[in-house]
Amino acid sequence: MKVSDLVNELSLTVFSGQAGLDHDVTGGYTSDLLSDVMGNVDEGQVWITLQTHRNIMAVASLKEVAAVILVKGLEPAADTMVQSHEEGIPLLGTSLEAFEISGRLYQLLNPRG
Amino acid sequence: MELTYEVEGGNFSKAGHASSSIKKVLKQLNVDPKVVKRVVVALYEAEVNVVAHAYNGIITARVEQGSVSIEVRDQGPGIPDIPLAMQAGYSTASAKVREMGFGAGMGLPNMKKNVDVLNISSQVGVGTRVELITYF
């Protein structure tokens, strides 16, 4: 499944980083602690968070995540979008809370799970 | 090969620059991606520590046949009790830094988990030196 499929299936907003919409998605990780994400997210996963500042893109890039989803209708800071473009990592948004979007993403990636 | 980077205390907008640059160099040198990932996790934590706690710092990375050695030396408040700082969950980060999702007390444990050798020495009121060595 590609990031663009998630955008369609989960009605996500695409804020920036469109170049990465064809990234393959291997799973997801939900956390707002940057060290936790650094230590535990895997390459190709989608990171779900409420953090909107540009350091999330540094972490996303270092860990090579497929995309970042901001929850609860939060909008990224302008420099976060700039870095998302530079890194080619999509920055997405949803009006749902982390629990709900994580559940929907899990169902989408594990149809029988 | 030796690489040197300056880190500015308090400037979160640049946090991760040195880690990103060293990651690119290690990839170009065809270092095993698993090793690169470990080095990057540890170095990012060290870099953020300098930004969050110190006034300024210097990162020196030495890439040799079979090892990556990184020294992070800062001018800053120092660490009074290193074993306490090593405890998962212990942090002296400010409320502002915590709101950003840093300062969860996971940085030093993350470093320890991802490198083969972690040496920390510190002088209160002067600064801290962290050495990260990864063998491959």
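Convention: sequence-line order gives letters A, B, ...; per-chain numbering from 1.
- Both A:I101 and A:L108 are members of a single hydrophobic cluster when ILVMFWY side chains are connected at heavy-atom separations under 4.5 Å.
- Linking ILVMFWY side-chain heavy atoms closer than 4.5 Å, directly or via other members, places B:I58 and B:I70 in two distinct hydrophobic clusters.
- Heavy atoms of B:Y44 lying under 4.5 Å from chain A belong exclusively to its side chain.
- Distance CG/A:D32 to CD/B:E99: 12.5 Å, rounded to 0.5 Å.
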Requested in this report: Go through A:D36 and B:M106 one step at a time and tell me if the side chain to side chain contact (heavy atoms under 4.5 Å, CB included) criterion holds.
Outcome: CA-CA 7 Å; A:D36 178 44; B:M106 299 172 77; 3.7 Å; yes
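- To the nearest 0.5 angstrom, B:S20 atom OG is 8.0 Å from A:Q83 atom CD.
- With hydrogens and angles ignored, the 3.5 Å screen pairs a side-chain donor or acceptor of B:K23 with a backbone N or O of A:S61.
- Distance alone, capped at 3.5 Å, is enough to place a donor-acceptor pair between the B:N110 side chain and the A:S35 backbone.
- Of the atoms belonging to A:D79, not a single heavy atom falls under 4.5 Å from chain B.
- Within 6.0 Å of CD in A:E100 there are more than 12 heavy atoms belonging to other residues, nucleotides or ligands.
- Counting heavy atoms of neighbouring residues, nucleotides and ligands inside a 6.0 Å radius, atom CZ of B:R129 exceeds 12 of them.
- At a threshold of 4.5 Å between side-chain heavy atoms, the hydrophobic network of Ile, Leu, Val, Met, Phe, Trp and Tyr places A:V71 and A:M57 in two separate groups.
- Residues B:M1 and B:V35 share a hydrophobic cluster, clusters being chains of Ile/Leu/Val/Met/Phe/Trp/Tyr side chains in contact below 4.5 Å.
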Query raised in the report: How far apart are the C-alpha atoms of A:K63 and B:V40, what are their side-chain angles, what is the distance that settles it, and do they pass the side chain to side chain contact (heavy atoms under 4.5 Å, CB included) test?
Result: CA-CA 8 Å; A:K63 298 296 287 189; B:V40 164; 5.8 Å; no
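- Of all the heavy atoms in B:H17 and A:R54, the pair that sits closest is NE2-NH2, 4.4 Å.
- Of all heavy-atom pairs spanning A:A58 and B:A15, the tightest one is CB-O, 3.9 Å.
- Annotation for B:K112: atom NZ does not count as buried by contact number, only 12 or fewer foreign heavy atoms lying within 6.0 Å.
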